[in-house]
Amino acid sequence: MTRMKSAKALMACGLLLTSAQSVWAQPVPGADENIPYLMTFGKDSQTEWGDDNFVQIIFFSVPSDHTEPIYIRVFDPDCGGEVDELNGVFNTKTRFSIYGGKESCSNKDAQKGNLKGKYKSGTQLATKVFGVDATTDNQWYTFGPFNPSEGENLPEYGGRTFKLVVEGLSGDDGNMYKLFLSRKKDDNVKVDGAFAYYFKYKFRLYDDGKQVSHIYPYIDDKTISLKQSNFDWDKDGILRIISVAKNGELMVVSNNNEWQTSTHKVVDEEKNTSWDVQMIKNKAKPLKNNNVVIYFENQYGELMPFYSVPVGGIPKYKYTIGIKPKKK
């Protein structure tokens with residue numbers, strides 16, 4: 001199976017969200033994810049702070065029939081101030097770059113997240129480096145306008161796709177930020193039918209132990225198992241799966257500055273649905289400033305895209321599916 005075939009199966013199962021769903025598809029992190037911030041550390045940082053390679057890649061898909069200009073907005077792109085994570089003195093510079101055109105998003109190097117090969121493939125449409133900057137601290141910065149035709153034409157991923165590459169160029173602080181795909185330069189106004197997706201995700205967990213964060217990998221009809229890899233979770237609680245057939249199956253959680261993996265079987269009832277991977281912190285002693293990394297692979301070792309909204313809606317466990325008749 002190739003990723004293209006998998007994506008076509010996904011699209012056939014309803015990735016083009018309804019208007020009611022797509023209103024929440026524009027922000028990253030998404031509303032249903034309940035994640036406070038994305039994060040990228042300066043390349044001089046130690047990986048034990050929670051960033052394995054100091055680069056984050058996010059993809060935005062715009063429907064093919066959308067012809068008006070679009071904007072990619074970044075909240076708090078500078079690294080300095082109350083939102084960001086200080087290590088001594090703020091000295092970090094972060095580059096945000098947007099790419100479109102041929103192979104900008106379909107190139108496999110851009111999807112792997114290991115920073116080898118042509119992960120900066122395509123045509124660079126905009127770029128800017130941010131350090132400590134009071135004018136953008138706790139404020140939105142807007143890239144664009146972009147003509148949707150400047151994105152790579154990927155019908156199997158919903159239309160025209162743009163790639164955002166965030167790089168920690170220097171320094172050792174953590175840059176925390178949010179994103180929004182918008183129809184307006186100075187406001188967050190949704191683009192109907194648009195959504196964000198990613199193959200590797202780096203973010204900050206809440207300090208509050210009562211908060212539960214979520215990510216939603218989509219299980220297409222070709223997937224029979226899913227392998228998750230997570231980094232630097234600091235044993236801060238548990239990762240568990242809720243699906244139509246799983247009611248809290250646990251994933252292996254990493255400790256400080258290490259990777260851990262676990263492989264989970266996909267049953268027929270789960271195909272063409274999303275999993276709800278819940279991140280439940282240690283309520284008795286929740287860690288502060290916990291930054292983590294996670295990605296998923298299918299049985300072929302291909303990274304699986306997951307989305308800022310759960311495709312098909314938030315999954316609910318169906319008790320009758322979980323109960324199997326005993327063999328006589």
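Nothing fancy with the numbering, it's 1 onward along the sequence.
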Sorted by first residue and then second, give each salt bridge (charged side-chain N to carboxylate O under 4.0 Å, His left out) pair with at least one member in residues 124-147; sequence neighbours left out. none
With distance as the sole test, does Thr92 use its side chain to make a donor-acceptor pair with the main-chain N or O of Asp173 at under 3.5 Å? yes
Can you name the ring pair (Phe, Tyr, Trp, His ring centres under 6.0 Å) partners of Phe59, sequence neighbours left out? Tyr197, Phe199
Going hydrophobic residue to hydrophobic residue with side-chain gaps under 4.5 angstrom, can you get from Ile241 over to Tyr216? no
Ser262 versus Gln228, side-chain donor and acceptor atoms under 3.5 Å: yes
Where at least one partner belongs to residues 242-258, residue pairs that pass salt bridge (charged side-chain N to carboxylate O under 4.0 Å, His left out), sequence neighbours excluded: Lys246-Glu270
What pairs of residues pass the ring pair (Phe, Tyr, Trp, His ring centres under 6.0 Å) test when at least one of them lies in residues 277-298, not counting sequence neighbours? Trp259-Tyr295, Phe296-Phe306
Looking at Asp172, is its backbone amide N or carbonyl O close enough to the side chain of Asn91 to form a donor-acceptor pair, meaning the two atoms are under 3.5 Å apart? yes
Nearest 0.5 Å, please: how far is OG1 in Thr127 from OH in Tyr99? 6.5 Å
Is it true that, when you exclude Gln46 itself, more than 12 heavy atoms of the residues, nucleotides or ligands shown sit nearer than 6.0 Å to its CD? no
Between Thr40 and Asn175, do the side chains contain a donor N or O and an acceptor N or O under 3.5 Å apart? no
Would a 4.5 Å heavy-atom cut-off, applied to side chains only, mark Asn188 and Pro27 as touching? no
Suppose we screen for salt bridge (Lys or Arg N to Asp or Glu O under 4.0 Å). Which residues come up paired with Lys271, at least two apart in sequence or across chains? Asp268
For Cys105, does its backbone N or O pair with a side-chain atom of Gln111 as donor and acceptor, under 3.5 Å? yes
Between the CD1 atom in Ile72 and the OG atom in Ser182, the distance rounded to the nearest 0.5 Å is 10.5 Å
Cation over ring, Lys43 on Phe54, under 6.0 Å and within 45°? no
As a test of understanding, state which of Asp32, Asp276, Asn34 forms a side chain to side chain donor-acceptor pair (under 3.5 Å) with His214. Asp276
Checking the side chain of Gln260 only, and the main-chain atoms of Val252 only, is there a donor and an acceptor separated by less than 3.5 Å? no
Apply the test side-chain contact (heavy atoms from CB on, under 4.5 Å) to residues Val292 and Phe203: give CA-CA distance (whole Å), side-chain angles for both, the deciding distance (0.1 Å), then the verdict. CA-CA 6 Å; Val292 297; Phe203 51 91; 3.4 Å; yes
Got a sec, which pairs hit salt bridge (charged side-chain N to carboxylate O under 4.0 Å, His left out) with one end in residues 51-70, sequence neighbours left out? Asp51-Lys202, Asp52-Lys200, Asp52-Lys202, Glu68-Arg183
For Lys281, check salt bridge (Lys or Arg N to Asp or Glu O under 4.0 Å) against everything at least two apart and list the hits. Asp236
Residues that Phe96 engages under ring pair (Phe, Tyr, Trp, His ring centres under 6.0 Å), provided they are two or more places apart: Phe130, Tyr177
Within residues 91-105 or reaching into it, pairs that qualify as salt bridge (charged side-chain N to carboxylate O under 4.0 Å, His left out) - sequence neighbours excluded: Arg95-Glu167
Lys178 charged N/C atom sitting above Tyr37 aromatic ring, 6.0 Å / 45°: yes
Connected to Leu169, directly or through other members, by ILVMFWY side-chain contacts below 4.5 Å are Val129
What pairs of donor and acceptor atoms, side-chain ones from residues 138-146 against any protein atom, are under 3.5 angstrom apart with sequence neighbours left out?
residue	atom	partner	partner atom	Å
Thr142	OG1	Arg73	NE	2.9
Thr142	OG1	Lys185	O	2.7

Partner set under salt bridge (Lys or Arg N to Asp or Glu O under 4.0 Å) for Glu85, not counting sequence neighbours: Arg204
